[in-house]
Student: 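Please read through the structure below; I'll follow up with questions.
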Amino acid sequence: MKQYKNDKPKKGEELIPVVIFEFHDMPDFWLHKGQYELEGKFRGILKYLGISIRDVKKVHHLLKHASAFPDKEWEG
């Protein structure tokens, strides 16, 4: 089980608000909080991705460093 926590700000660096969808059987899906709200929040993202609510293990609302974002594109 992964532990997601807020990052601690480094001197002179800003943290980015993110939303992380943690799934039971798929890779986690990261997106910027602004995009999350633009797409209709929780229900809108599920509709956009075509995913059932049963597939979602947990949703995390965190502040992360830009370097923490995954390098690979998500494929659902």
Side-chain angles (χ1 to χ4, degrees):
M1 182 175 137
K2 293 181 183 176
Q3 289 286 68
Y4 285 112
K5 297 180 183 179
N6 285 319
D7 288 344
K8 295 184 181 183
K10 296 176 184 172
K11 194 171 188 175
E13 187 175 52
E14 290 187 38
L15 298 176
I16 299 170
V18 298
V19 178
I20 303 170
F21 280 73
E22 188 176 348
F23 296 103
H24 294 286
D25 298 323
M26 293 185 285
D28 299 344
F29 181 69
W30 291 51
L31 68 157
H32 188 275
K33 187 155 187 153
Q35 185 67 29
Y36 171 77
E37 292 173 356
L38 187 66
E39 293 290 339
K41 299 187 179 182
F42 182 72
R43 294 176 103 190
I45 295 294
L46 292 181
K47 185 176 180 181
Y48 173 75
L49 296 174
I51 294 174
S52 169
I53 194 170
R54 291 184 210 128
D55 295 329
V56 179
K57 184 176 183 179
K58 190 169 185 178
V59 178
H60 306 272
H61 296 263
L62 303 171
L63 294 170
K64 302 296 276 181
H65 294 290
S67 61
F69 274 78
D71 294 338
K72 292 174 36 178
E73 185 174 326
W74 190 80
E75 296 177 15

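Numbering starts at 1 and runs along the sequence shown.
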Student: With rounding to the nearest 0.5 angstrom, report the CG to CD1 distance, Leu46 to Ile51.
Tutor: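 Answer rounded to 0.5 Å: 7.0 Å.
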
Student: Between CZ of Arg54 and NE2 of His24, what distance do you get to the nearest 0.5 Å?
Tutor: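 Rounded to the nearest 0.5 Å, the CZ-NE2 separation comes out at 11.0 Å.
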
Student: Starting at CG of Asp25, measure out to NZ of Lys57 and round the result to the nearest 0.5 Å.
Tutor: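 So the CG of Asp25 and the NZ of Lys57 are separated by 9.5 Å.
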
Student: Look up atom CZ in Phe69 and atom CD1 in Ile20, then write down how far apart they are to the nearest 0.5 Å.
Tutor: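 Separation between the atoms: 8.0 Å.
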
Student: Out of curiosity, Glu22 CD to His60 NE2, how far, rounded to the nearest 0.5 Å?
Tutor: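 The NE2 atom of His60 is 4.0 Å from CD of Glu22, to the nearest 0.5 Å.
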
Student: Does the side chain of Leu15 come within less than 4.5 Å of His65's, by heavy atoms?
Tutor: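 Yes, their side chains come closer than 4.5 Å.
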
Student: Set out, in order, the CA-CA distance, both residues' side-chain angles and the distance that settles side chain to side chain contact (heavy atoms under 4.5 Å, CB included) for Phe23 and Val56, then state yes or no.
Tutor: CA-CA 4 Å; Phe23 296 103; Val56 179; 3.7 Å; yes

Student: Would the number of heavy atoms belonging to other residues, nucleotides or ligands and lying under 6.0 Å from CD of Glu13 be above 12?
Tutor: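 Counting other residues, nucleotides and ligands, CD of Glu13 exceeds 12 neighbours.
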
Student: Any heavy-atom pair between the side chains of Phe21 and Asp28 that's under 4.5 Å?
Tutor: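 Counting from C-beta outward, Asp28 and Phe21 never come under 4.5 Å.
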
Student: Rounded to the nearest 0.5 Å, what separation is found between the CG atom of Leu49 and the CD atom of Glu39?
Tutor: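 Here the rounded value is 8.5 Å.
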
Student: Is any side-chain heavy atom of Ile45 less than 4.5 Å from a side-chain heavy atom of Val59?
Tutor: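 A side-chain contact under 4.5 Å is absent here.
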
Student: Less than 4.5 Å apart, any side-chain heavy atom of Trp30 and any of Lys64?
Tutor: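 Side-chain contact under 4.5 Å: yes.
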
Student: Considering non-hydrogen atoms only, spot the tightest contact between Asp7 and Ala68 and give its length.
Tutor: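 That would be OD2-CB, 4.1 Å.
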
Student: Report yes if the side chains of Phe42 and Val19 come closer than 4.5 Å at any heavy-atom pair, otherwise no.
Tutor: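 They are not in contact (no side-chain heavy atoms under 4.5 Å apart), so the answer is no.
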
